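None of the values given here were measured: they were computed from a predicted structure.
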Amino acid sequence: MAGGCAIYIGDNPMRQQTNPFGKDIANRGLFRAFAEHGPWDDQLFLVHNKIDDVKLASNLFDGGPAPKPILSTSILNHRAISARGTLFRGQAKIGDLAWQRRQTNERAYSLVGLVHSLAPQAMRAYTAEAVTSPVEPWDALICTSPAVERHLRTLLEETSDYMTARFAGPDAQRQLPLPHLPVIPLGIDAAAFAARGEASRRREAREYFGVAEDAFALLWVGRLSFFEKAYPQAMFAAAEETARRTGRAVEFLMAGWFPDGGQGRGHWEAAAALYAPSVKVRFLDGNDSGVLERIWAASDVFVSLVDNIQETFGITPIEAMAAGLPVVVSDWDGYRATVRHGVTGFRIPTMMAPGGTGRQMAQRHALGMDNYQIYVAQVAAHVAVNVRAAADALTALATDTALAARMGAAAAVHARQTFDWPVVIAQYAALFEELRAIRQSASAYEADGAPRANPVRNDPFGAFASFASTRLDGDILFRPAPPAAVTESLAHHNTALNNLTGIWRLPPEATDRIRTLVTERGEISLMELVAAVGQVPHEFLARHLVWMCKVGLLDWATTEPVEIDVPDR
């Protein structure tokens, strides 16, 4: 099947990372799933610099075979993108791509971005560019949960209302086009996690970690960061209360990594000692494949009481459910849409400080007084997770093995039917076709007279034309250069200082050809050179001629010479 999408990865080599962010794990899995489960003949990636397609495929599939051809081309290759019909980016920044598209044909393809987080103010700013840039109704920003969709819609509509009121008057109706905001979840390889969580692996897994057979084992997987993930106090306190109520030995397996090194580990260890003194808390290396292969089978329940606005979806509870574990999570953002309360686990109530009490936090971050980590940590410090309810949920699972088994089985079915990659990719394919239909049925644009290029990031030779005495046009005449110490064209091309901008120039043989023509004619105009050189894009030739004049390979003058006054001494 032709069409599909072109995936923009820039300079990302698609290798497995150490201490990855959740968005990077999600994007890499999604890009693999496009190739594995998409109904298209191949998969095209858009890059900044030339990359070996075989190496790209090897990186993406960890050295294994790719299920279909993996191809790459430049992000500037408008024709290749148009042939696909969709340009997909694993982040919400599509405003700059909309400006790039506008310079050629705004209906050539659709832009689709993926929203991973809306907490960083920089991300909020470039996401809001969907209103102030030429993003169209046949474009989309994919939301991973209904909560993200509601939040993003509010952000875009408020931005649109402000722009309309400012430039069209306070009584004007909203008229700026907004992109589609479909809700499509992130996905997983459900079969792989089901295999890791098989009951037959329990004994070996517990022996590997030294967990007692009769212990009630809680599991956390992911970054161990109170800055951007979760404060652990509620989890530790709930674990301690569960141990007190049940009289069982409770162990907490925390598989992850500390982004800030030893200092972060010290904070978590101190919290564990204070809030869960009788619970055996084990911090395990979340980058160790041996740990990740066994951790699911060794555990009884997955716990993730996140409280951070950085979180928008949460992939680890999905993985846990696929492994057959019941889950206990905070009733927070994306978790609310992925965990079925009382069926696949429990959602624990959360409480946030009232609106209007965080203005100074936001202002301090906006002014650079607090960095992003401090900002979101300050917000999360004022989000409460109900410890009693969390202890109630854990106690129920610790004392009722039938309930735990029933929830674990339901969780596995839910994960497979809702979040398995074939299910998710089918939703992407349907979205791409829906956007194509909208794009093709849209009314033709009238000449609106608005700029085709982004006024903030447009052509510097046009924007700064007034800086120079003149610019290369039909009035310029090229002449042989005065005698110089360096006469060989190749020497100029090979000089390190000249090669810093070599990607914008023609090869040495073109330089020799131009010099020969100028020498033969004695004087030649730009248009005459264009006709004589032939088969060279005008913009490349124009830049190259200016460079030749810059380094002394050509001389130039205008048809109306400029007089240079030399003052008397």
So, [X] and [Y], do they make that salt bridge, N to O below 4.0 Å?
X    : Y    : answer
E213 : R202 : yes
R201 : E198 : no
R153 : E149 : yes
R245 : D392 : yes
R388 : E241 : no
R101 : D96  : no
D42  : K68  : no
D189 : R196 : no

Can you tell me if [X] uses its side chain to pair, donor with acceptor, with the backbone of [Y] under 3.5 Å?
X    : Y    : result
N308 : A380 : no
Q233 : A271 : no
T395 : A391 : yes
R84  : A6   : no
D139 : L111 : yes
R206 : A212 : yes
R223 : W257 : no
R203 : E207 : no

Shortest non-hydrogen contact between [X] and [Y], atoms and distance:
X    : Y    : result
T350 : S330 : CG2-CB, 3.8 Å
L76  : Q100 : CD2-OE1, 4.0 Å
E434 : H180 : OE2-CE1, 3.7 Å
A398 : T246 : CB-CG2, 4.2 Å
S299 : L219 : OG-CB, 3.4 Å
S225 : W268 : N-CZ2, 3.5 Å

Distance-only side-chain donor-acceptor flag, Y335 / S304, under 3.5 Å: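 A pair is found: one side chain offers a donor N or O, the other an acceptor, under 3.5 Å apart.
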
Validation: residues 30-38 side-chain donor-acceptor distances under 3.5 Å, sequence neighbours left out:
from, atom 1, to, atom 2, distance (Å)
R32, NH1, L60, O, 3.0
R32, NH1, D62, OD2, 3.2

For L218, the option from F236, F302, F252 that meets side-chain contact (heavy atoms from CB on, under 4.5 Å): F252

R364 and Q378: CA distance, side-chain angles, deciding distance, side-chain hydrogen bond (donor to acceptor under 3.5 Å, both in side chains) verdict: CA-CA 11 Å; R364 285 179 61 89; Q378 289 173 339; 5.3 Å; no

M321/M407 under side chain to side chain contact (heavy atoms under 4.5 Å, CB included): CA gap, chis, key distance, verdict: CA-CA 9 Å; M321 287 192 290; M407 283 189 164; over 6 Å; no

Neighbour count >12 (heavy atoms, 6.0 Å) for atom NZ, K280: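 Not more than 12 within 6.0 Å, no.
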
Heavy-atom neighbours of R248 CZ exceed 12 at 6.0 Å: yes

Verdict with reasoning, V301 to F216, per side chain to side chain contact (heavy atoms under 4.5 Å, CB included): CA-CA 8 Å; V301 60; F216 185 54; 3.7 Å; yes

Y375 and Y372 aromatic ring geometry - parallel, tilted or perpendicular at 30°/60° bounds: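 Ring orientation of Y372 relative to Y375: tilted.
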
Of T312, T144, D24, N27, the residue whose pairing with H116 passes side-chain hydrogen bond (donor to acceptor under 3.5 Å, both in side chains):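 The single option meeting the side-chain hydrogen bond (donor to acceptor under 3.5 Å, both in side chains) with H116 is N27.
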
If you round to the nearest 0.5 Å, how far is [atom2] of [Y] from [atom1] of [X]?
X    : Y    : atom1 : atom2 : value
I51  : N12  : CD1   : CG    : 8.5 Å
I425 : D420 : CD1   : CG    : 10.5 Å
R282 : F209 : CZ    : CZ    : 9.0 Å
I81  : T86  : CD1   : OG1   : 11.0 Å
L186 : L114 : CG    : CG    : 6.0 Å
Q373 : Q310 : CD    : CD    : 8.5 Å

Pair Y8-H48, ring-ring contact (aromatic ring centres under 6.0 Å, His included): steps then yes or no: CA-CA 9 Å; Y8 180 23; H48 290 169; 5.5 Å; yes

ring-ring contact (aromatic ring centres under 6.0 Å, His included) evaluation trace for F258 with F283: CA-CA 10 Å; F258 294 96; F283 296 104; 5.5 Å; yes

Residues V385, W332; criterion side chain to side chain contact (heavy atoms under 4.5 Å, CB included); working and verdict: CA-CA 9 Å; V385 183; W332 184 258; over 6 Å; no

Worked check of side chain to side chain contact (heavy atoms under 4.5 Å, CB included) between L46 and I7: CA-CA 6 Å; L46 303 173; I7 301 175; over 6 Å; no

